[in-house]
Chemist: 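Mind looking over this structure? Questions follow.
Numbered from 1 within each chain, the chains take letters A, B, ... in sequence-line order.
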Amino acid sequence: MRIATWNVNSLKVRLPRVEAWLDEVRPDVLCMQETKLADDAFPHLTFGALGYEVAHHGQGQWNGVAVLSRVGLEGVIAGFADGAPPDPEARIVTARCGGVLVTSVYVPNGRAVGHDHYHYKLAWLGRLRTHLEATADPADDVVVAGDFNIAPDDRDVYDPAAFAGTTHVTPAEREALAAVEAWGLVDAFRARWSEGGLFSWWDYRAGDFHQGRGMRIDLLLASASVAERVTWAVIDRNARKGQQPSDHAPVVVDLA
DNA sequence: ATGGTCGTTGCACGA
């Protein structure tokens, strides 16, 4: 089973790239983020023709997450199932695919340390932990994948000094991510590869991609029973090249 | 040299 996650940064613009990538890589499940589409604008026919069922949780011009599956898709949950008032932003969707409970997440960016959006980000990660407690069992096959907007440690940024005091690397963000993982999830890519310099996002500006100035902020978190099935993990840098790329590359994990 | 580019919408802002 091949599971992937990709922040596509506008599915409207990226659809040709996403179609070509699905045709080439053929993941069984793809978590997408930043579709930037309303639910009624989602191109279901395009993905249906490629063999995928889709759960999309969109809101219009911003955010928007999806789970695509060609191994079955059921039990869709749009938004948090934590009993609290709905999140006004479309950032999480859950579905069961081929025996794995899959959640696609687009964690808030945070904008600046101390900003309202930064506190929203930390609270959002707390709600994600509660959502897992309400919807899943850590003894089951569970995957939480998406754009976490957090570099888990200093290996995951090109220059730790350049990020001092900025979002994505603060202890509070890293601890909030660790609290989600403490529910019972392993960073599948990091479990497979220990070296730094392996990034999933590069700013469009200043040739950052070609200069190697990136961060690893797109993660596939797996419960123990899924993590022990991992046979391969890769970040597909090729998808960041060429015409009209997303600023994120897909993360792909193969399971036995 | 302290910028740079995208995608949204609409002539600014978020990432």
Chemist: Between the side chains of A/Ser200 and A/Asp218, is a donor N or O closer than 3.5 angstrom to an acceptor N or O?
Modeler: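 Judged by distance alone, the side chains do pair up.
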Chemist: Please find out if less than 6.0 Å separates the ring center of A/Phe199 from that of A/Phe209.
Modeler: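 Centroid separation for A/Phe199 and A/Phe209: 6.0 Å or greater.
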Chemist: Quantified in whole Å, what is the P atom distance between nucleotide B/dT2 and nucleotide B/dG10?
Modeler: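 Roughly 32 Å separates the two P atoms.
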Chemist: For residues 105-112 of chain A, tabulate all N or O donor-acceptor pairs below 3.5 Å that involve a side-chain atom, not counting sequence neighbours.
Modeler:
unit_1: A/Tyr106; atom_1: OH; unit_2: A/Glu34; atom_2: OE1; d: 3.4
unit_1: A/Tyr106; atom_1: OH; unit_2: A/Glu34; atom_2: OE2; d: 3.4
unit_1: A/Asn109; atom_1: OD1; unit_2: A/Arg111; atom_2: N; d: 2.8

Chemist: Can you tell me how far P in B/dG3 sits from the matching atom in B/dC11, rounded to whole Å?
Modeler: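 One P to the other, the span is 24 Å.
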Chemist: Does the pair A/Trp201 and A/Asn7 meet the rule for a side chain to side chain donor-acceptor pair (under 3.5 Å), with working shown?
Modeler: CA-CA 9 Å; A/Trp201 173 86; A/Asn7 180 325; over 6 Å; no
Chemist: For nucleotides 2-15 of chain B, just jot down a letter per nucleotide in 5' to 3' order: B, S or -, based on protein non-hydrogen atoms under 4.0 Å.
Modeler: --BBSBSS----SB
Chemist: Please give the distance between the C1' atoms of B/dA15 and B/dT9 as a whole number of Å.
Modeler: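 One C1' to the other, the span is 15 Å.
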Chemist: Is it true that A/Arg192 and A/Asp254 make a salt bridge, defined as a side-chain N closer than 4.0 Å to a carboxylate O?
Modeler: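 A/Asp254 and A/Arg192: not salt-bridged.
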